[in-house]
Structure formats: structure tokens, C-alpha cells
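Below, chain A is the first sequence line, B the second, and so on; all start at residue 1.
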2 protein chains.
Amino acid sequence: MNESDFLRDYDPTAYEPMAVTADVVALTIRDGRLHVLLIRRAEPPHQGMWALPGGFVRGDDLKDAAARELAEETGLLPHDLDRVHLEQLGTYGKPGRDPRMRVVTVAFLAFAAWMPDPKAGSDAEAAAWTPLTATRELAFDHGDILEDGLERARSKLEYTPLATSFVGDEFTISELRAVYEVVWGEPLHPGNFHRKVLSVPGFVEATGTTTERGGPRGGPRARLYRKGDARLLHPALLRPSREDEIR
Amino acid sequence: MNESDFLRDYDPTAYEPMAVTADVVALTIRDGRLHVLLIRRAEPPHQGMWALPGGFVRGDDLKDAAARELAEETGLLPHDLDRVHLEQLGTYGKPGRDPRMRVVTVAFLAFAAWMPDPKAGSDAEAAAWTPLTATRELAFDHGDILEDGLERARSKLEYTPLATSFVGDEFTISELRAVYEVVWGEPLHPGNFHRKVLSVPGFVEATGTTTERGGPRGGPRARLYRKGDARLLHPALLRPSREDEIR
DNA sequence: CAAATAGTGTCTCTAAGACATTATTAG
DNA sequence: CTAATAATGTCTTAGAGACACTATTTG
């Protein structure tokens, strides 16, 4: 292989043009339900359909491109973005997934305790936090990407302290349990969950304070906790009943 | 946003040119040690350095591009490729990781029980299965990619039956244990491992036969097993002693 | 007051790991 | 024969989950 072959290989215009986008599956919990950030497409193809927010990767890093896109759609400031967990989910590049041209999409997964109401970005006529129970069919293969993101989120709750990204700085064990119940989609045993969380080293750390009031329907004040210093939960909090996924 | 803005966004030549490659971290076990497939770069940059095999994504799917690259470097036939586990590892796109131009690399992870000796492909003057203990510094950020691949491999042995991809169709529990020991880099208790593997539903399935001979240094003939139908190991085989990774 | 909830106690069963033991093979 | 190894047994301890219970708070 000589130098001209070499340069030809590195000239994308010599082959099919290829675009790289960074799309985001942004999850948050509102009103006790899991929500995903969606935009309504203002242009064809799939005009009028809901899709994941995303945009072209320019001169920045892939993760920075995803963060920028998330900030654009949500109105988050760079300062707020520091408090959002953002990780790479996977890359989707099947030919034909975008009817116009070859598009390779690097998908990211974002978790946040609270996010402002979205404002429409430049490439969407509307953006909205949508309850997962209400999601319709999405544009392109974004339905698959969303499914992969949800499975990743469910899985990461098991062996990382990620659930603390969904709650505020100080939280009660019940609030943490609500995160697990909403993401996993099944009720957990309050007493066992409580004891389990406190038994995992570094998961949470007591603040020494309690809530001002008890629950809205009674009950004592709950102790408040902060995120601990563990990066992995050991032992892990495994999901109950996944018999169907094993075989 | 009007149609011309739109098309401009989809024309990659209007911005920095971007290339997409599929690179492969191919792992196999030879002589009781973990090996990775490396090529020696025939062209600058990093001429003469070792690197992961990879190539540009053309009109095919990302995974197909990775499989093609793997086949090229190893001389594997499509038929053999069916028996190789191939999964997406992650995508690396930091600006400057290739000094020539913006390159986004989708990395794949491959596991195989046995692979033929590599032959040099078109863009390498040499290719070789290299013991991991003997890997020098790699070109580009391939050292990081390799590290990520190894960690993924170690982790997947815990909760999937992936170890069976490293052994032949029929194998003994000791052979399976050797896979775990080599990938995890630490000895395991033979008796406990044996009982544990057999206790995980669907991990392995007895063939009813045994090896022809005992071990090279004595011992009874071992029973032979096949891969079972489990997709997830439950309970998982957790790595011992990862205290350092928890915090 | 009744109802709800936080937090803890207790019991059972499973699983992990340390260690021992027996049977079978190679050399 | 001895050394090595396959396979199983035994014991201890940790952890998951079911269930009960007390204390505290709301309305």
C-alpha cells in the first residue's frame, strides 16, 4: 500500500459520505414516573414524529457533542451539566437507518435528578419530557436505542450507585427505593431494601439530619443520606425475578 | 431550519472530514495464556508500531465491517466466523487521536476458542497473536481500547457463559476453569469452581462421555460438557478480591 | 383516633469459600 | 509405587427474602 492508496483511504469523500451524530437518551424521574427527553422532528424524514435529541459531531469530542445537544434541548447551563451522569451507550450504524445517507450515531445515556422543562432547539419544533408509558413509535431506529438505554439503566442500578443520580443531594432511603421501583418497574420490599442499602459499604452516608416532616399520609420523619464514595456496589442489588431473561 | 440548512448538515464535506473505522480486540487463549491479535503498521503515522486490526467502514454494517477485518487478518472463512463471539465494545472519537484527520473508531471485541495463525492483510506488514504480557505500547489510543476490551472480557465472564467461547465444542470443567484463571489472572479453587459451574442452571450440559486419557501428569479421566442454553449465569461467578475497584 | 411509614428484629434458605476426602489415572 | 487431578462432602459464614414488630408521624 503506497501513500496515495493511504490518503485515498482517509478521504471519506472518495467513498460513500458518512455523517456521525451524537444522540442522547436522557432519563429523569418526574411525578414518580420515568421520563425520557424527546423532540418532535420539524423536517423530513419522519417529520412530525418523536425522536431522541441529537446532532452532528463537529470538532468536539463525542461526549462533549452529546452534552452540548443535551444542554441545547433542556436549557441546562454547563454548571448544571456537571451534575448529570453521561455515559456512552452504543453506536448504531446500520446502512439505511437514515434514508438520506449513511449516518453513524453514537448514543449516550444521561441520568439526572431534575431537569428544567425543555425548550425547542434548532432542529425540533418541540421537545418534551415524555413518560415512558406514553412513548409512541420513534423516528429512525430510536426505539431500539431507547430500549437499549433502558436496559442499561436497569442493569447499572444493580451494581453501581447510579440511583443517587436520580435524587437530590440529600435523600431518604424511601426516595432511593422509589428510583429502583420506577426504573425496574416492580415494587420492592421496604424493610429489606432499607437494610440492604445501609449494608453496602460506601453506597450512602448519613447526614445526621432528618426530613422536616413525615410522609404526606403519616409516618415518622426519615433520616437523610448523601451519596457515598463507592463506585461499585458490593454486594450488588440484584433485580428480582428475571427468570425469562436467563435462557 | 429550511431544507438547504438541512442538507448542509447532512453533507459531511461541509465540515471537517470524518472517517469511521471498525477496529477489533480479538482475544484467544494459546498455550495457557491470553493473546490479542495485533498488526504491525506498515505506513505512517506510528509506522512500525503494533496496533489493533481495523479498517474503514464502507457500505456495510459496523459489525460486518469488524467481522470482515477479522477475517482478513486471520484468514478465517465466513463459516468459522459463525463460531466467533463478536460484540460492540465502544466508540472512540477524541479529536487528535489520529494525527491526519478526524477518525471515529467503533471498537469490537471478539472471542474465539482457536484461530489460525494470522496472515498479513493489506494494511499491515505483519500480524501476530501476541501474549498480553508481551504487549508494548500500541499505536493511536489502541492501548486504551485494549484495556477496555480486557475489562469487558473479565466482566462478561462473571455473568454470561462467554467462557465457553474460548474452549472447543466439548470441554472439561478444568478447561473451563483455565479460561477463567487466564482471563481473570488469578487461580481459582478447583473443587469449588467445579461444583459452582454445575450448580448454575444452563451453563453447561453433560455429554455423557469422558476424555480418552487422564491429565498429562496423572488424574482420572474428566467428564466432557457442552455449552448449555443459558444466556445469563444465575447466580453469577463473581471475581474474588476486587476491593480496589469498589471505591 | 386510624392509617401510613421508618427502621429494626428474626427466621429460613441459598450460596460462597475454606478445607478435607475418595477415586482414578500417568509415569 | 507416587504425584496429580476429578469429583464430591462438610462446615462456616454472608447474604437474600419473607415476615413481624415498634415507634413515629399525618390527618
Side-chain angles (χ1 to χ4, degrees), chain A residues 32 157-159 167 170-178 180-181 184 186-204 206-225 230 232-243 246, chain B residues 32 157-159 167 170-178 180-181 184 186-204 206-225 230 232-243 246:
Chain A
L157 287 200
E158 293 190 305
Y159 57 92
V167 292
E170 301 198 344
F171 51 86
T172 67
I173 302 294
S174 291
E175 286 167 353
L176 197 63
R177 175 165 49 85
Y180 278 89
E181 291 178 330
W184 285 351
E186 51 190 330
L188 300 175
H189 187 291
N192 288 341
F193 181 87
H194 194 108
R195 183 158 17 81
K196 167 99 198 184
V197 166
L198 296 185
S199 77
V200 176
F203 190 4
V204 299
T207 65
T209 58
T210 68
T211 52
E212 293 284 325
R213 294 179 41 81
R217 283 172 295 181
R221 300 177 187 181
R223 286 177 220 162
L224 287 167
Y225 295 86
L232 293 173
L233 303 185
H234 186 76
L237 281 85
L238 298 179
R239 276 174 275 184
S241 63
R242 336 172 35 202
E243 290 305 319
I246 291 178
Chain B
L157 287 200
E158 293 189 307
Y159 57 93
V167 292
E170 300 197 343
F171 51 87
T172 66
I173 302 294
S174 291
E175 286 168 353
L176 197 62
R177 174 164 49 84
Y180 278 89
E181 291 179 328
W184 285 352
E186 52 190 330
L188 299 175
H189 188 289
N192 288 341
F193 181 86
H194 194 108
R195 183 159 17 82
K196 168 98 198 181
V197 165
L198 296 185
S199 77
V200 176
F203 190 4
V204 299
T207 65
T209 58
T210 68
T211 52
E212 292 286 321
R213 292 178 44 80
R217 284 172 294 184
R221 299 177 187 178
R223 284 178 222 162
L224 287 167
Y225 295 86
L232 294 173
L233 303 185
H234 186 78
L237 279 85
L238 298 179
R239 278 175 275 185
S241 63
R242 343 177 22 206
E243 290 305 319
I246 292 178

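Straight-line distance from the CG atom of Leu238(A) to the C1' atom of dA14(D): 14 Å, rounded to whole Å. Note: CZ (Phe193(B)) to C1' (dT8(D)) measures 16 Å, nearest angstrom. As rounded to whole Å, 13 Å separates atom P of dG17(D) from atom OH of Tyr180(A). To the nearest angstrom, C1' of dA4(C) lies 12 Å from CZ of Arg177(A).
Looking at residues two or more places apart in sequence or on another chain, you find no ring-ring contact (aromatic ring centres under 6.0 Å, His included) involving Tyr159(A). Residues satisfying the side chain to side chain donor-acceptor pair (under 3.5 Å) criterion with Arg195(B), sequence neighbours excluded, are Asn192(B). Checked against salt bridge (charged side-chain N to carboxylate O under 4.0 Å, His left out), Glu186(A) has no partners two or more places apart in sequence or in another chain. Under the salt bridge (charged side-chain N to carboxylate O under 4.0 Å, His left out) criterion, Arg223(A) pairs with no residue at all, not counting sequence neighbours. For Arg239(A), the side chain to side chain donor-acceptor pair (under 3.5 Å) criterion is met by Glu151(A), Glu158(A), not counting sequence neighbours.
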What's the verdict on side chain to side chain contact (heavy atoms under 4.5 Å, CB included) for Trp184(B) and Leu157(B), showing C-alpha distance, side-chain angles and the deciding distance? CA-CA 9 Å; Trp184(B) 285 352; Leu157(B) 287 200; 3.9 Å; yes
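Residue Arg221(B) has no polar side-chain atom (N or O) positioned under 4.0 Å from OP1 or OP2 of dA26(C).
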Produce the list of close N/O pairs, under 3.5 Å, pairing protein atoms with atoms of nucleotides 8-10 of chain C; give distances to one decimal.
unit_1, atom_1, unit_2, atom_2, d
dG9(C), O6, Arg195(A), NH2, 3.1
dT10(C), O4, Arg195(A), NH2, 3.4

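Contacts of Ser174(B) with the nucleic acid, taken as non-hydrogen atoms under 4.0 Å apart, involve only primed sugar atoms and P, OP1 or OP2.
Taking a 4.0 Å limit (strictly below) on heavy-atom distances, residues 206-218 of chain B reaches DNA chain D at Arg217(B), Gly218(B).
Formation of a donor-acceptor pair under 3.5 Å by the Glu181(A) side chain with backbone atoms of Pro187(A) is not found in this model.
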Pairs under 3.5 angstrom only: tabulate donor-acceptor contacts from the side chains of residues 207-218 of chain A to other protein residues two or more places apart or in another chain.
unit_1, atom_1, unit_2, atom_2, d
Thr207(A), OG1, Thr209(A), N, 3.1
Thr207(A), OG1, Thr209(A), OG1, 2.7
Thr207(A), OG1, Leu224(A), O, 3.1
Thr211(A), OG1, Arg213(A), O, 2.9
Thr211(A), OG1, Ala222(A), N, 3.0

